[in-house]
Protein chains: 2
Amino acid sequence: MPASRTADDRNAPQRCQSCVLRQTGICSALTAEQVTRLSRVSHHRTFEPGEVILRSDDKPMFWAGVVTGVVKLTKLLVDGRQQIVDLLFPSDFVGRPFSKQTPYFAEAAVRTELCCFRIADFEKMLSDNPDMKQHLFEHTLNKLDTAHDWMVLLGRKTAEERVASLLYLLVTRARLAQSLDSKDACVPSFELHLKREEMASFLGLTYETVIRQIKALDSQGIITINSRREFSVSNLETLRLAAAWVRAEDLTI
Amino acid sequence: MPASRTADDRNAPQRCQSCVLRQTGICSALTAEQVTRLSRVSHHRTFEPGEVILRSDDKPMFWAGVVTGVVKLTKLLVDGRQQIVDLLFPSDFVGRPFSKQTPYFAEAAVRTELCCFRIADFEKMLSDNPDMKQHLFEHTLNKLDTAHDWMVLLGRKTAEERVASLLYLLVTRARLAQSLDSKDACVPSFELHLKREEMASFLGLTYETVIRQIKALDSQGIITINSRREFSVSNLETLRLAAAWVRAEDLTI
DNA sequence: CGTTCGCTTGAGCCTTTTCAACCACTGTGG
DNA sequence: CCACAGTGGTTGAAAAGGCTCAAGCGAACG
């Protein structure tokens with residue numbers, strides 16, 4: 001699946017040092033020299049919106065970290081019903097280690113840049129770097145925690161709470177990403193990376209219901225609809241309450 | 001939380017060699033001698049049905065493997081709504097490593113025997129035994145996969161499919177456990193370890209709906225109700241179809 | 001022998017889905 | 001330049017699946 005090395009890949013050693021994975025992701029466990037060594041077996045690849053990154057049941061050929069963009073992980077039922085089971089943001093990982101089969105479809109939601117490793121290189125990398133393995137282990141444990149939180153949403157929350165939960169998650173994500181770039185503390189407005197249909201698929205609803213609940217949140221003044229893909233949130237705490245979110249710490253997706 | 005060492009614990013070295021955890025669980029990664037050494041810092045503890053094992057948000061004091069019984073992991077919303085996010089069976093683990101807070105309530109569903117370690121001993125054990133850590137890592141990855149499967153159930157399946165899914169999961173579990181003891185290939189009838197209410201909480205339904213769907217499965221001949229807590233399944237494949245389960249391999253809970 | 005807990009059943013209601021139509025925007029080709 | 005198709009988004013009306021509420025049953029247990 002990964003294309004051959006691009007011209008860009010030959011700049012890898014420099015590029016790697018400023019990568020998001022280096023700063024907060026898996027490469028933060030490495031020394032500068034180790035990163036340089038690693039950069040020789042990694043290569044970047046860009047996926048367009050809707051492009052499939054990994055196919056369910058396929059033998060995994062590569063493993064990757066998300067550098068920019070958003071990846072959705074979806075599962076299908078035999079009759080075509082589908083559910084997004086996770087959204088991946090920069091510093092998250094795509095691929096199922098230690099398995100003969102990929103358990104989901106990974107698809108780019110927006111234009112997405114991945115840092116890819118061949119499976120063999122990746123597994124060697126892990127056994128060579130216990131700290132890296134530890135990082136990935138803890139990341140997996142966090143993912144399990146947030147999956148459990150999402151199960152509460154899917155099992156028990158109302159449609160309005162679900163939509164509020166997703167918007168809260170996305171606005172928090174946006175703040176997080178922004179505070180890394182600039183020191184701007186508040187994000188009044190944020191852009192939606194997802195279609196209504198994708199929101200619905202992640203929330204266990206239909207897209208019509210999502211539309212109606214977004215409108216309901218707007219008419220209650222909890223959010224303001226700027227355009228189809230952009231919203232403002234004046235009071236984050238109000239949104240959190242509307243989401244029936246248990247604790248802020250739960251928000252690690 | 002763990003009680004002081006019992007008389008039983010002094011027999012630990014012998015007991016450990018025949019334990020489920022030794023055969024298929026985390027201790028399978030150890031030599032007999034390592035197990036003996038480990039048995040000195042472990043101790044067993046029994047929990048009665050409904051007894052709380054770990055409390056959400058508490059600092060984790062111990063970590064344990066399930067030897068016998070069933071443990072349910074539940075999450076609560078502020079207003080009291082609750083969702084069971086996982087069921088643990090023998091050879092599963094209770095406790096969240098590498099975290100300051102337990103992310104859920106762990107409660108015994110039936111009489112349950114745990115093999116407990118103090119957190120400090122446990123973390124030392126992991127760093128001393130890379131194979132053990134690897135085992136736990138892969139176990140966590142499996143748990144994540146099954147959590148994703150359950151998200152599909154909660155987000156997309158009908159009430160009948162949900163109930164069928166749970167029964168299929170439990171009957172498969174029962175077969176698995178039985179084939180370890182005897183070589184009996186088929187389990188026509190199996191006992192339910194859960195109350196209707198617990199089934200509902202795991203399935204994102206109300207218990208009335210669970211009751212009605214069990215009845216519906218019975219009247220379609222997919223299962224037979226022997227008693228309130230015991231069912232028979234003549235054709236496992238029919239049940240699997242009713243459950244809209246994607247693949248048999250998904251069933252690792 | 002009464003109480004409690006778990007389970008069952010029924011009736012009506014409500015949230016969400018389904019179905020269908022329509023709108024807004026974008027890119028394409030005549 | 002405009003007709004056209006295609007995609008994503010919006011709205012309304014009707015249907016339905018599952019929930020709520022209420023009552024009753026049965027086994028276990030003190």
Side-chain angles (χ1 to χ4, degrees), chain A residues 48-51 72 77 79-84 107 109-110 153-167 191-220 223 225-231 242 244, chain B residues 48-51 72 77 79-84 107 109-111 153-167 191-219 223 225-231 242 244:
Chain A
E48 296 305 317
E51 205 176 337
K72 48 182 185 167
L77 253 30
D79 59 2
R81 280 174 286 177
Q82 75 175 74
Q83 173 75 32
I84 296 181
E107 217 174 306
V110 298
L153 177 144
L154 293 171
R156 295 294 165 210
K157 288 192 186 177
T158 65
E160 186 175 315
E161 288 167 338
R162 293 185 200 202
V163 172
S165 295
L166 179 56
L167 294 182
E191 210 216 315
L192 204 54
H193 304 285
L194 304 174
K195 301 178 212 175
R196 301 286 185 264
E197 198 182 340
E198 291 168 326
M199 298 177 70
S201 177
F202 196 26
L203 295 172
L205 299 171
T206 60
Y207 61 89
E208 295 97 327
T209 303
V210 170
I211 289 167
R212 290 177 181 121
Q213 300 303 334
I214 289 177
K215 225 178 143 189
L217 289 171
D218 175 84
S219 66
Q220 289 169 73
I223 63 168
I225 304 174
N226 299 332
S227 74
R228 290 182 166 183
R229 289 293 193 105
E230 196 189 303
F231 304 96
Chain B
E48 297 304 319
E51 203 176 337
K72 49 182 183 167
L77 253 29
D79 60 1
R81 281 174 286 177
Q82 75 175 71
Q83 174 74 33
I84 296 181
E107 218 173 304
V110 298
R111 192 167 227 273
L153 177 144
L154 293 171
R156 297 292 163 210
K157 288 191 186 178
T158 65
E160 186 175 313
E161 288 167 340
R162 294 184 199 203
V163 171
S165 295
L166 179 56
L167 295 182
E191 210 214 314
L192 204 54
H193 304 284
L194 305 173
K195 301 177 213 177
R196 300 288 186 263
E197 198 183 342
E198 291 169 326
M199 299 176 71
S201 176
F202 196 26
L203 296 172
L205 299 170
T206 60
Y207 62 88
E208 294 98 325
T209 302
V210 169
I211 289 166
R212 290 178 180 118
Q213 300 303 334
I214 289 176
K215 225 180 143 188
L217 289 171
D218 175 85
S219 66
I223 63 167
I225 304 175
N226 299 332
S227 74
R228 289 181 165 183
R229 291 292 194 105
E230 197 189 304
F231 303 96

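Every chain is numbered from 1, with letters handed out A, B, ... down the list of sequences.
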Using whole Å, report how far CD of B:Glu161 lies from C1' of D:dG17.
13 Å
Phosphate oxygens OP1/OP2 of C:dT17: is one of them under 4.0 Å from a side-chain N or O of A:Thr206?
yes
Indicate, with a heavy-atom threshold strictly under 4.0 Å, whether B:Arg196 touches base, sugar-phosphate, or nothing.
sugar-phosphate
Return yes if the base of C:dC5 and the side-chain atoms of B:Glu197 contain a donor-acceptor N/O pair under 3.5 Å, otherwise no.
no
Please state whether the phosphate of C:dC7, meaning OP1 or OP2, lies under 4.0 angstrom from any side-chain nitrogen or oxygen of B:Arg229.
yes
Interatomic distance, B:Tyr207 OH vs C:dT9 C1' [rounded to whole Å]
12 Å
Would you say the side-chain atoms of A:Ser165 pair up with the backbone N or O of A:Glu161, donor to acceptor, closer than 3.5 Å?
yes
Could you tell me the separation between the CG atom of A:Leu167 and the CE atom of A:Met199, rounded to the nearest 0.5 Å?
5.0 Å
Whole Å only: how far is the NZ atom of B:Lys157 from the P atom of C:dT17?
18 Å
Of A:Ile225 and A:Arg156, the one whose closest nucleotide on DNA chain D sits nearer the 5' end is A:Ile225
Over how many whole Å does the gap from B:Leu192 atom CG to C:dT8 atom P extend?
10 Å
So, B:Arg229 side chain and B:Glu191 main chain: donor-acceptor pair closer than 3.5 Å or not?
no
What is the nucleic acid contact for B:Arg162, judged by heavy atoms within less than 4.0 Å: base, sugar-phosphate only, or nothing?
nothing
What is the distance from CD1 of B:Ile211 to P of C:dC5, rounded to the nearest Å?
17 Å
To the nearest Å, give me how far apart CD (A:Glu198) and C1' (D:dG8) are.
11 Å
Salt bridge (Lys or Arg N to Asp or Glu O under 4.0 Å), that's the test. Do A:Lys72 and A:Glu107 meet it? Break it down for me.
CA-CA 5 Å; A:Lys72 48 182 185 167; A:Glu107 217 174 306; 3.8 Å; yes
Categorize B:Gly50 for me: base, sugar-phosphate, or nothing, with a 4.0 angstrom heavy-atom threshold over every strand shown.
nothing
Whole angstroms only, please: what is the CD-P distance between B:Gln213 and C:dT9?
13 Å
Between A:Glu208 and B:Lys215, the residue closer to the 5' end of DNA chain C by nearest nucleotide is B:Lys215
Record whether the side chain of B:Arg212 comes under 3.5 Å of the base of C:dG10 through a donor-acceptor pair of N or O atoms.
yes
Is it true that A:Ser227 and A:Glu230 share a donor-acceptor pair across their side chains at a distance under 3.5 Å?
no
If I take atom CD in residue B:Glu160 and atom C1' in nucleotide D:dA16, what distance separates them, rounded to the nearest angstrom?
15 Å
